[in-house]
Amino acid sequence: MMVRGNTKAIAVALLAGSALAIKLDIKDEESIKDAAATAAYNTWSGYTANQTGQIPGAIPTDWAMGGALFDTMIRYWYYSGDASNNAAISEGMYWQLGENNNYMPANYSSYLGNDDQSIWSLAAMTAAELGYPERSSMPSWVTIAENVFNDQIARWDTTKCGGGLRWQIWAYESGYDIKSSLTNGLLFELSARLARYTSNQTYSDWADKIWTWSTSTVINDEWSIFNDVDMEDDCESASNTQWSFNYGPYIAGTAYMYNLTNGKAEWKSSLDGLLNRTTATFFPSKYGGKILSEVACESTENCNNNDIWLKGVTIQDLAMAALVAPYTASDIMPLLQGSAVGAAKSCTGDKNDTECGVRWYTDYDGSDGMSSQLSATSLFTANLVSFSKKAPSSQSGSENTTSVTSTGSANGTSSGSSGSAGATKSSTNIASVLAVGPVALVAAVVAGAVSLL
Ligand SMILES: *[C@@H]1O[C@H](CO)[C@@H](O)[C@H](O)[C@H]1NC(C)=O
Ligand SMILES: *[C@@H]1O[C@H](CO)[C@@H](O)[C@H](O)[C@H]1NC(C)=O
Ligand SMILES: *[C@@H]1O[C@H](CO)[C@@H](O)[C@H](O)[C@H]1NC(C)=O
Ligand SMILES: *[C@@H]1O[C@H](CO)[C@@H](O)[C@H](O)[C@H]1NC(C)=O
Ligand SMILES: *[C@@H]1O[C@H](CO)[C@@H](O)[C@H](O)[C@H]1NC(C)=O
Ligand SMILES: *[C@@H]1O[C@H](CO)[C@@H](O)[C@H](O)[C@H]1NC(C)=O
Ligand SMILES: *[C@@H]1O[C@H](CO)[C@@H](O)[C@H](O)[C@H]1NC(C)=O
Ligand SMILES: *[C@@H]1O[C@H](CO)[C@@H](O)[C@H](O)[C@H]1NC(C)=O
């Protein structure tokens with residue numbers, strides 16, 4: 001992931017007393033659509049990449065965020081019926097595709113992490129599942145997602161820790177020796193969604209494999225997910241900062257595998273365990289227990305740009321789980337509703353100049369920036385699933401594909417590192433510490449090159 005943004009609260013006092021910007025009736029579909037439209041409009045107002053002389057789809061300093069933007073906006077289009085942004089979505093999605101149709105465009109490819117590429121591939125996957133329009137001159141959305149899958153499995157690393165995908169792609173990148181749960185969780189999610197969409201066994205085999213590796217390293221028996229493991233110590237210790245964005249992709253992936261296997265017990269217990277842990281950790285009872293909070297950074301107002309928009313990704317993952325594992329909806333929807341009600345109260349400004357806060361459990365907290373508007377858009381849009389109930393489609397049109405099997409084993413491999421998942425060391429979040437933006441990365445590349453001499 002990319003650069004750390006400054007999201008410190010500003011001038012809260014100036015805004016005190018401003019009227020509620022988003023009035024939300026959580027029981028009313030039109031009211032939620034209005035809220036989503038307002039948040040979407042204000043998200044786009046921060047998007048300059050489609051202006052003359054700019055690069056479509058490229059958000060300066062945070063390339064991955066473009067993938068998250070389009071993923072959210074495709075969902076917004078699908079659930080709200082508002083197609084007014086589709087020109088910008090299609091332009092950006094195709095522009096950033098890159099020479100090999102795999103979201104590794106040459107301008108950025110030398111400093112991307114696997115997670116950056118995955119975020120974009122999942123937008124393509126969403127486009128496939130929701131039937132977002134394709135250009136006949138271009139590869140299909142599912143082909144694009146498959147291209148990224150094939151890139152990433154070729155990077156599966158068995159030199160240490162019994163497997164796993166490294167955080168970074170290139171050896172000169174800081175974080176190359178780290179195997180992060182986000183990187184592996186995103187590939188797990190992509191595999192599971194491709195498995196359900198295509199009925200191709202290769203994808204479910206990989207979902208099984210990544211899950212097995214993950215539960216032997218970054219996910220422990222109590223369903224806590226650790227941020228990362230380090231190849232330097234054979235992945236024996238794990239960094240224990242808890243981030244909701246590490247849970248979302250694993251929740252989505254297990255829900256898809258649950259669906260694909262027609263409700264296999266192992267996937268159900270994994271999904272239940274992850275949901276339980278997520279609820280207990282990220283929906284603090286001190287805020288009523290129904291509002292998502294990125295607890296590692298919100299109380300200290302120390303969230304970076306990634307942390308803020310990734311919270312919207314977590315929300316989308318929960319909404320997907322409620323659709324493909326419908327038995328979870330009665331637990332998940334109240335969490336999405338409580339968060340949306342809270343988020344609406346966190347917004348300020350005029351209808352067409354709205355800012356929603358980073359923290360959804362308090363009044364407007366002074367945040368301003370595209371990332372918090374994007375998360376709010378994800379959140380309001382996610383609440384629309386309870387009305388349409390339209391689930392992601394698959395190529396066969398059949399929701400359960402009996403030809404595809406999955407072991408669903410959640411007990412880890414003997415080749416994995418032993419007992420590391422439970423171990424903790426006080427280590428800071430790699431996404432905060434090691435993540436560097438384009439400029440710093442060039443410096444890191446140079447520094448890396450120098451140190452090799
Ligand atoms: C105001 O925002 C709404 C979305 O909430 C949008 O549809 C409308 O076009 C905007 N109006 C103006 C004048 O920008
Ligand atoms: C860029 O796209 C947004 C979202 O659809 C739109 O509101 C805006 O008018 C577009 N700007 C230009 C210059 O095309
Ligand atoms: C790459 O950079 C060039 C020069 O700035 C620009 O014209 C082009 O649109 C960029 N391509 C992508 C995919 O960002
Ligand atoms: C299944 O997916 C893999 C990975 O993309 C691909 O190599 C293989 O050709 C696919 N198999 C079929 C039958 O389509
Ligand atoms: C989830 O939590 C509930 C109650 O808090 C408990 O009854 C249930 O066994 C838990 N499920 C899993 C899979 O941990
Ligand atoms: C799989 O998802 C579909 C919706 O796409 C749903 O109707 C079906 O009940 C799900 N299967 C299981 C086992 O929950
Ligand atoms: C779904 O799977 C079950 C067995 O797991 C099977 O009996 C049923 O026919 C399948 N349904 C479809 C539509 O494939
Ligand atoms: C691991 O799980 C698989 C399938 O769930 C089972 O067959 C196997 O016996 C388990 N192995 C261990 C060591 O528990």
Side-chain angles (χ1 to χ4, degrees), residues 1-2 5 7 22 24 32 35-47 59 62-80 85 89 115-116 118-120 122-123 125-126 130 182 185-186 189 243-249 251-252 278 282-283 291-298 303-323 332-333 335-344 346-347 354-361 365 367-385 431:
M1 291 288 163
M2 310 252 142
T7 57
I22 295 186
L24 180 65
I32 301 171
T38 299
Y41 181 86
N42 286 287
T43 304
W44 286 112
S45 69
Y47 181 80
I59 294 176
D62 198 349
W63 184 76
M65 188 178 167
L69 170 71
F70 298 131
D71 196 327
T72 294
M73 291 301 174
I74 290 166
R75 293 170 198 272
Y76 169 72
W77 156 75
Y78 183 79
Y79 288 105
S80 76
N85 305 301
I89 297 171
D115 46 3
D116 300 307
S118 299
I119 291 282
W120 279 89
L122 292 169
M125 194 68 232
T126 299
L130 301 186
L182 180 59
L186 291 170
E189 178 188 342
W243 295 98
S244 77
F245 54 68
N246 288 329
Y247 288 77
I251 286 171
T278 297
F282 303 106
F283 292 82
I291 298 180
L292 176 63
S293 173
E294 199 62 89
V295 291
C297 64
E298 286 185 9
C303 301
N304 72 22
N305 206 42
N306 295 158
D307 305 336
I308 296 168
W309 61 254
L310 279 165
K311 200 163 76 157
V313 176
T314 306
I315 288 285
Q316 287 174 177
D317 292 335
L318 289 170
M320 276 191 280
L323 288 171
I332 289 176
M333 291 319 295
L335 303 176
L336 301 185
Q337 289 165 350
S339 298
V341 169
S346 82
C347 306
T354 304
E355 294 288 343
C356 297
V358 169
R359 292 170 293 162
W360 295 337
Y361 53 81
D365 60 11
S367 81
D368 79 16
M370 196 174 164
S371 51
S372 46
Q373 309 322 302
L374 178 55
S375 268
T377 309
S378 302
L379 175 59
F380 297 133
T381 301
N383 273 278
L384 291 171
V385 307

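Heavy-atom basis, side chains included; hydrogens, waters and symmetry copies ignored. When a residue number appears, it is its place in the shown sequence, counting from 1.
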**Student:** If the condition is salt bridge (charged side-chain N to carboxylate O under 4.0 Å, His left out), which residues does Glu294 pass it with, not counting sequence neighbours?
**Tutor:** none
**Student:** Please name the pair of heavy atoms, one in Ile291 and one in Gly338, separated by the smallest distance, quoted to 0.1 Å.
**Tutor:** CG1-O, 3.5 Å
**Student:** Look up atom OG in Ser367 and atom CD in Gln373, then write down how far apart they are to the nearest 0.5 Å.
**Tutor:** 6.0 Å
**Student:** Any idea which heavy atoms bring Met320 and Ala252 closest together, and the distance?
**Tutor:** CE-CB, 4.2 Å
**Student:** Would you call Asp71 and Arg75 a salt bridge, taking side-chain N to carboxylate O under 4.0 Å as the test?
**Tutor:** yes
**Student:** Work out which heavy atom in Trp360 is nearest to a heavy atom in Leu292; give both atom names and the distance.
**Tutor:** CE3-O, 3.8 Å
**Student:** Atom SG in Cys297, atom NZ in Lys311: separation rounded to 0.5 Å?
**Tutor:** 8.0 Å
**Student:** Among residues at least two apart in sequence or on other chains, which ones pass side-chain contact (heavy atoms from CB on, under 4.5 Å) with Ala322?
**Tutor:** Thr328, Ala329, Ile332, Met333
**Student:** Carefully, step by step, assess Met73 and Thr43 under the rule side-chain contact (heavy atoms from CB on, under 4.5 Å).
**Tutor:** CA-CA 10 Å; Met73 291 301 174; Thr43 304; 3.8 Å; yes
**Student:** Once you measure the plane-to-plane angle for Trp44 and Tyr47, does it fall in the parallel (<30°), tilted (30-60°) or perpendicular (>60°) bin?
**Tutor:** perpendicular
**Student:** So how far is it from Phe245 CZ to Leu186 CG, rounded to the nearest 0.5 Å?
**Tutor:** 10.0 Å
**Student:** Please find the pair of heavy atoms, one from Asp368 and one from Glu355, that lie closest to each other, and give the distance.
**Tutor:** CA-OE1, 3.4 Å
**Student:** Could you check whether any side-chain heavy atom of Trp243 comes within less than 4.5 Å of a side-chain heavy atom of Leu310, counting everything from C-beta outward?
**Tutor:** no
**Student:** Would you say Asp365's side chain and Arg359's backbone share a donor-acceptor pair under 3.5 angstrom?
**Tutor:** yes
**Student:** What distance do Tyr247 atom OH and Asp317 atom CG have between them, rounded to the nearest 0.5 Å?
**Tutor:** 14.0 Å
**Student:** Pair Tyr78, Thr126 - check side-chain contact (heavy atoms from CB on, under 4.5 Å), show working.
**Tutor:** CA-CA 10 Å; Tyr78 183 79; Thr126 299; over 6 Å; no
**Student:** Quick one: does Asn383's side chain have a donor or acceptor within less than 3.5 Å of a partner on Phe380's backbone?
**Tutor:** no
**Student:** Is it the case that the side chain of Trp309 and the backbone of Ala64 share a donor-acceptor pair, with hydrogens and angles ignored and the cut-off at 3.5 Å?
**Tutor:** no
**Student:** If you compare all heavy atoms of Ala68 against all heavy atoms of Ile119, which two are closest, and at what distance to 0.1 Å?
**Tutor:** N-CG2, 3.5 Å
**Student:** Can you tell me how far apart CG (Asn305) and OG (Ser371) are? Round to the nearest 0.5 Å.
**Tutor:** 4.0 Å
**Student:** Work out which heavy atom in Ala343 is nearest to a heavy atom in Leu379; give both atom names and the distance.
**Tutor:** CB-CD2, 3.5 Å
**Student:** Start with the C-alpha gap between Val385 and Tyr79, add the side-chain angles, then the distance that decides, and say whether side-chain contact (heavy atoms from CB on, under 4.5 Å) holds.
**Tutor:** CA-CA 7 Å; Val385 307; Tyr79 288 105; 3.8 Å; yes
**Student:** Excluding sequence neighbours, so at least two apart, what forms side-chain contact (heavy atoms from CB on, under 4.5 Å) with Thr72?
**Tutor:** Gln316, Leu374, Thr377, Ser378
**Student:** Measure the spacing between OG1 of Thr278 and CD1 of Ile251 and express it to the nearest 0.5 Å.
**Tutor:** 3.5 Å
